[in-house]
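Remarks on the structure that follows.
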Amino acid sequence: MLTRTRSIPLPWGNAYGLARTLLALGTAGTLVFSSTATLFRPVVTIGEYPLCQGMTAGGAFCLVPRGQFDLTRWLCVAVLLVVASGWRPRITALPHAYISFSVFSGIAIGDGGDQITWILSLLLALVALGDGRRWHWQPPEDSTAGEPTTRATRGWALLGTSAWTIARLQMAFLYFQASVAKLPHTEWADGSAMYYWANNSSFGFPEWLRPLTDPVVYSPVGIAALTWLPVAVELALSAALLMPQRRRWVLLPLGIAFHLGIAVLMGLWSFAFAMWAGLFLLLTPIGHSLPLLMPGRSRKRTEGTTPGASATPNDSSPATPEPAASPSSPRPLVS
């Protein structure tokens, strides 16, 4: 008689590691390429940043005198580079989340990317706290060694999988809100919105790209396509969790190219790094390991094993049976 078993995937593949790296690099870039005077300055009607009120008083830049902001900034960069390297995710998880909070709550020029980074780094900290690997690029130890899993491992796996799922829902809602919020505005409905963004004094397209972008911006068909394409892409990404995994793989390079275009055309690089991290969490299977990011020896060892993973309900189409899991797919942790 066959008995049904419930299983959860081990979430510690390198896809979540890549997301951690992207988040850390985005915040590090903000701190490296912005001076202390630019990051922490007075804002009209609000006050001088950091405000250090309520919960934000616990941020790193509220715990030191203003004269030590430069030193604190570079210490944060050093920690973020360690996080980005992938070393000891269990140790660096909470420092990463704390620095992301400190930057988001402390700087005067924060944007949506800083807020997304803080939320995702906090959720990924819950994944990383159960990750005992030396590097987050390595394959999960339990999935390669074949050793029996412990109750503690099951608990950490459940916590990590739950946090990753919440991150997915957060990203799906973010894209849904971003697309739907544009629809009531006349400029987005008639296809002219990007004309005004392209010529905006703060976020307009760079001069060195004008010879390439102006023929599109000043063409009725071109500007309509440039306006409606982001709405279509965001709507598709918001519905990704309702799609089978094979379609999510198609959306991944599309989403990466979409945010690369925003970064190049509008200069929002830290926002792009945050959204790229979110895309890997949204569109890859929980616990997935990307073969190209695996160390050489680990990749060969993993490729030589017999696939024994099963897709999670969220990552397969109920109508179409999925093929056997690839060697880089997460193995389920049977409870």
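Quick note: numbers below take in every heavy atom, side chains included, and nothing from hydrogens, waters or symmetry partners.
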Would you say Phe33 ends up clustered with Val77 if hydrophobic residues are merged whenever their side chains have heavy atoms under 4.5 Å apart, either directly or through other cluster members?
yes
Side chains of Leu260 and Trp276, heavy atoms from C-beta outward: is any pair under 4.5 Å?
yes
Taking the side chain as every heavy atom from C-beta outward, state whether Leu75 and Val79 have any pair of such atoms under 4.5 Å apart.
no
Of the options Ile223, Leu226, Thr227, Asn200, which is the one that meets Tyr195 in a side-chain contact (heavy atoms from CB on, under 4.5 Å)?
Ile223
Please examine the side chains of Gln177 and Lys182, heavy atoms only from C-beta on, and report whether any two atoms are closer than 4.5 Å.
no
Any Phe271 side-chain heavy atom under 4.5 Å of Ile116 side chain
yes
For Arg66, is the CZ atom crowded, meaning more than 12 foreign heavy atoms sit under 6.0 Å from it?
yes
Ignoring hydrogens and angles, tell me if any N or O in the side chain of Ser179 forms a donor-acceptor pair with the backbone of Phe176 under 3.5 Å.
yes
Starting from Trp249, can I reach Leu237 by hopping between I/L/V/M/F/W/Y residues whose side chains sit under 4.5 Å apart?
yes
Judged by atom type as modelled, is there a donor-acceptor pair below 3.5 Å linking the side chain of Thr56 to the main-chain atoms of Gln53?
yes
Any heavy-atom pair between the side chains of Ile119 and Leu122 that's under 4.5 Å?
no
Between the side chain of His259 and the main-chain N/O of Ala272, is any donor-acceptor distance below 3.5 Å?
no
Are the side chain of Asp114 and the backbone N or O of Asp111 linked by a donor-acceptor pair below 3.5 Å?
yes
Is the shortest side-chain heavy-atom distance between Val43 and Tyr49 below 4.5 Å?
yes
Between Arg168 and Leu281, is there a donor-acceptor pair closer than 3.5 Å when you use the side chain of the first and the backbone of the second?
yes
Is there any side chain to side chain donor-acceptor pair (under 3.5 Å) pair reaching into residues 87-107, and which pairs are they, with sequence neighbours excluded?
Arg20-Thr92, Ser100-Ser121
State whether the side chain of Thr284 and the backbone N or O of Phe280 hold a donor-acceptor pair below 3.5 Å, judged by distance alone.
yes
Is there side-chain contact between His136 and Thr21, with at least one heavy-atom pair below 4.5 Å?
yes
Is it the case that one hydrophobic cluster holds both Val231 and Tyr196, taking links as side-chain heavy atoms less than 4.5 Å apart, direct or via other members?
yes
Around atom CH2 of Trp188, are there more than 12 heavy atoms from other residues, nucleotides or ligands closer than 6.0 Å?
yes
Could you give all pairs that pass the side chain to side chain donor-acceptor pair (under 3.5 Å) test and reach residues 72-84, with sequence neighbours left out?
Thr36-Arg73, Asp70-Arg73
Is there side-chain contact between Leu265 and Trp197, with heavy atoms separated by less than 4.5 Å?
no
Test your reading of the model: is there a side-chain donor-acceptor pair from Ser289 to the backbone of Asn14, 3.5 Å cut-off?
yes
Donor-acceptor pair between Thr150 and Thr153 side chains, under 3.5 angstrom:
yes
Let me confirm one number: the CD1-CG distance from Ile256 to Leu251, rounded to the nearest 0.5 Å.
11.0 Å
As a quick check of understanding, evaluate side-chain hydrogen bond (donor to acceptor under 3.5 Å, both in side chains) for Thr165 and Ser162, giving each step before the final call.
CA-CA 5 Å; Thr165 301; Ser162 301; over 6 Å; no
Any donor-acceptor N/O pair, Trp135 side chain to Ser85 backbone, under 3.5 Å
no
Should the pair Phe69 and Phe40 be assigned to parallel (<30°), tilted (30 to 60°) or perpendicular (>60°) ring geometry?
tilted
Taking all non-hydrogen atoms of both residues into account, name the closest pair between Pro89 and Ala128 and its distance.
O-CB, 3.5 Å
